[in-house]
Engineer: 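Pasting a structure below so you can have a look.
Since we're looking at a predicted model, the values are computed, not measured.
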Amino acid sequence: MVSKFLESRRSNAKKLVHELRKNFKYVSILGSDCIGKNYRVLKNTTDISESWSTESGFVIKMTNGNAFYEYSLDDISSDVKKLAQKIVSSLNISDDLHKKEITSIEVEDEKMVKSFVRENDLHKYDDKYIIDRLSKYKDELLSLSDNLLNGGASLITLEVNKLFITENKELDQHYTWINSYLNAIYGANDNVINQRESAYSKDLKEALDMLEGKSAKLIDKCKHLVNAKPITPGVYDVITDASITGLIAHEAFGHGVEMDQFVKDRALAKNYVGKYVASPITNMKDGALSGLSTASYFFDDDGVLAHDTQIIKDGILVSGICDLTSSRELDFNPTGNGRRETYKRKAYTRMTNTFIERGNDKLSDMIKSIKHGYFLFETNNGMEDPKNWAIQCTAEYGIEIVDGKLTDNYVAPVVMSGNVLDLLKSISMISDEFELEGAGSCGKGYKEWVRVSSGGPNLKCKVKLS
C-alpha cells in the first residue's frame, strides 16, 4: 500500500484536479513520498545518513491544448479552491513562450484505477541489524590484508511511494531497492587504489547476504590492480563484461534515443530509425518493465504504465523512448520513460533498464577466438555526443588475452573511444550469459539525476583503446 502521507492526500488531489479542470483540458497530480538511507561502516567510522533520493511533495501538470504548465509544492492539505486559484493566477506566460506553443495537445486520459506493490522486507530489519551485518563484513575484509589503508561495507536503501491522479486515472505504487557494497582503499608499491564489490536486490536481507564471499575477491582484485600498467594505445579485439556492455548500450543508444533530444534536433538517431545501426546479431531494449532493478517501476512520473521497448532489432534502429511532453510534439506514443529527479524538477525522457539482449555464443569460445586483445571489466564512466555519435567509455581495468587465453597481465584504466556506428557494427559475437546491474544513477547532461540500470551479455567487438 502507498504511504500513509500520500493516502491522506488522495481526496484533496482529486478535488484539486476537479477545480483545475475548470481552466485546463488536462490536469494530473503526482505525489511523491520517497525515503532513502545510507549506512556506512569503515575502519574507524560508522554513520547513517539520509540519501539524495529522499523527497516528499507534489507536482501538478496542466495543458490548455497548446502548452504544458507545471506547479510544484510541498503539500496540498490547504483549502483546495484557494490553492487552485493561486495556481491559475501564477501562470503568467511571456510572449516569447507563447510563440513556442504547439498547435494542438491531446492527452489520452483513459479510465484506470490500479494499486501496485512490490513485496519487500525493508521494515523487518532495524538500523542495528544493518550496522551489525556491515560491521561483520568490514572486520572480515580488514583481516585479509595488511595493505588495506581503509575498508568497509555500506548499504543504500530506497523506498518509493507515488500517487498519480487525473480526472479518470488513479494510480499508486510502492516498491523498494537496496544496494550494498564492499569498499577497499589498498596501498602497495607506492600506489594507492580504491576498489569495490557490489550487490543489489529488492530485499534488504538478500542484498546483505550477497556480500558473502566477496571480500576475498575484492582483495585479489586489489593485488592485481595495484600493479596494473597503462595499456599501449591501439585498436583491439575486446570482450566486454556485463557492466561494460551496459555502458555501451547506455551511452551509444541510450541517451541518443531519448526523444526529447529529437524535438530539439540534438540527436542524430532521429534520422536513422529503420536503418542499420549495429551488426545484425545485435538487439537492444529499454524499459522499467524490461527487467528488475533500481530503475524498475510500475508507472512513470507522467502516469504512463511501465513499458518494454525494443530499440534495436536485428541491428536496425526501430524505436526511441519518450516522455509525455515529447510524445505530444512528435505524435508518438509515450513509452513510460518520463522521469523526474524530484517532484520539484521537470520530467524528461530518461532511460530505465537499458541493455543488449543475450546471444548464442559461449564466453569460452569468444576468448579462444581472440589472437591478441583485452577482456574489459567494470564500468567507470562514459559520455556520448548524440548529435555527432562520438563515444567514450571507461573501464576500471582490462585483462590481456593472448592466443585465445586470459593472461595475468592487468591494465588500468582503459578508455574506449570512437564512433557509435563503428563500435556497434563491429560486434561479431554475443554470449548467452546475461546480467543487469541495478546500482547506478545517471544525469541529463550534468544534472537531473535518476536511478538507472544497464547490462547485458558479453560482447566481442573491435574498438580503439587508450
Engineer: Just checking, any donor-acceptor pair under 3.5 angstrom between side chains of N380 and T394?
Structural biologist: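 Per modelled atom types, N380 and T394 side chains form no pair under 3.5 Å.
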Engineer: Got a sec, which pairs hit side-chain hydrogen bond (donor to acceptor under 3.5 Å, both in side chains) with one end in residues 411-423, sequence neighbours left out?
Structural biologist: none
Engineer: Test of understanding: with side chain to side chain donor-acceptor pair (under 3.5 Å), list the residues that count as partners of N161, not counting sequence neighbours.
Structural biologist: H174
Engineer: Which residues pass the side chain to side chain donor-acceptor pair (under 3.5 Å) test with K462, sequence neighbours left out?
Structural biologist: D237
Engineer: Could you pull out all donor-acceptor pairs under 3.5 Å where a side-chain atom in residues 363-370 meets a protein atom, sequence neighbours excluded?
Structural biologist:
{"from": "S369", "atom 1": "OG", "to": "M366", "atom 2": "O", "distance (Å)": "2.6"}
{"from": "S369", "atom 1": "OG", "to": "K460", "atom 2": "NZ", "distance (Å)": "3.0"}

Engineer: Taking only residues two or more places apart in sequence or in another chain, which ones pass ring pair (Phe, Tyr, Trp, His ring centres under 6.0 Å) with F262?
Structural biologist: none
Engineer: With sequence neighbours left out, write down each residue that passes side chain to side chain donor-acceptor pair (under 3.5 Å) with R358, or none if nothing qualifies.
Structural biologist: none
Engineer: Checking Y276 now: which residues fulfil ring pair (Phe, Tyr, Trp, His ring centres under 6.0 Å) with it, not counting sequence neighbours?
Structural biologist: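 Testing Y276 for ring pair (Phe, Tyr, Trp, His ring centres under 6.0 Å), a comparison that skips the adjacent residues, returns none.
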Engineer: Sort and list the pairs that fulfil side-chain hydrogen bond (donor to acceptor under 3.5 Å, both in side chains) and have at least one residue in residues 434-443, not counting sequence neighbours.
Structural biologist: none
Engineer: Is a donor from one side chain sitting under 3.5 angstrom from an acceptor on the other, for T349 and D323?
Structural biologist: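 Their side chains do contain a donor-acceptor pair, which is all the 3.5 Å distance test asks for.
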Engineer: For residues 284-294, which residue pairs qualify under salt bridge (charged side-chain N to carboxylate O under 4.0 Å, His left out), counting only residues two or more places apart or in two chains?
Structural biologist: K285-D308
Engineer: With a 4.5 Å cut-off on side-chain heavy atoms, are L142 and K43 touching?
Structural biologist: yes
Engineer: Would you tell me whether T407 and N409 have side-chain atoms, one donor and one acceptor, within less than 3.5 Å of each other?
Structural biologist: no
Engineer: Applying side chain to side chain donor-acceptor pair (under 3.5 Å), can you list everything that pairs with E197, at least two apart in sequence or on another chain?
Structural biologist: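 Counting only residues at least two positions away or on another chain, E197 forms a side chain to side chain donor-acceptor pair (under 3.5 Å) with K221.
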Engineer: What class does the angle between the rings of F5 and F58 fall in, given that below 30° is parallel, 30 to 60° is tilted and above 60° is perpendicular?
Structural biologist: tilted
Engineer: The criterion is salt bridge (charged side-chain N to carboxylate O under 4.0 Å, His left out); which residues satisfy it with K223, sequence neighbours excluded?
Structural biologist: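 Scan of K223 (salt bridge (charged side-chain N to carboxylate O under 4.0 Å, His left out), adjacent residues dropped) gives none.
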Engineer: Under 3.5 Å, side-chain donor or acceptor atoms of residues 247-256 against the rest of the protein: list the pairs with distances, not counting sequence neighbours.
Structural biologist:
{"from": "H250", "atom 1": "NE2", "to": "H255", "atom 2": "NE2", "distance (Å)": "3.4"}
{"from": "H255", "atom 1": "ND1", "to": "E258", "atom 2": "OE1", "distance (Å)": "3.2"}

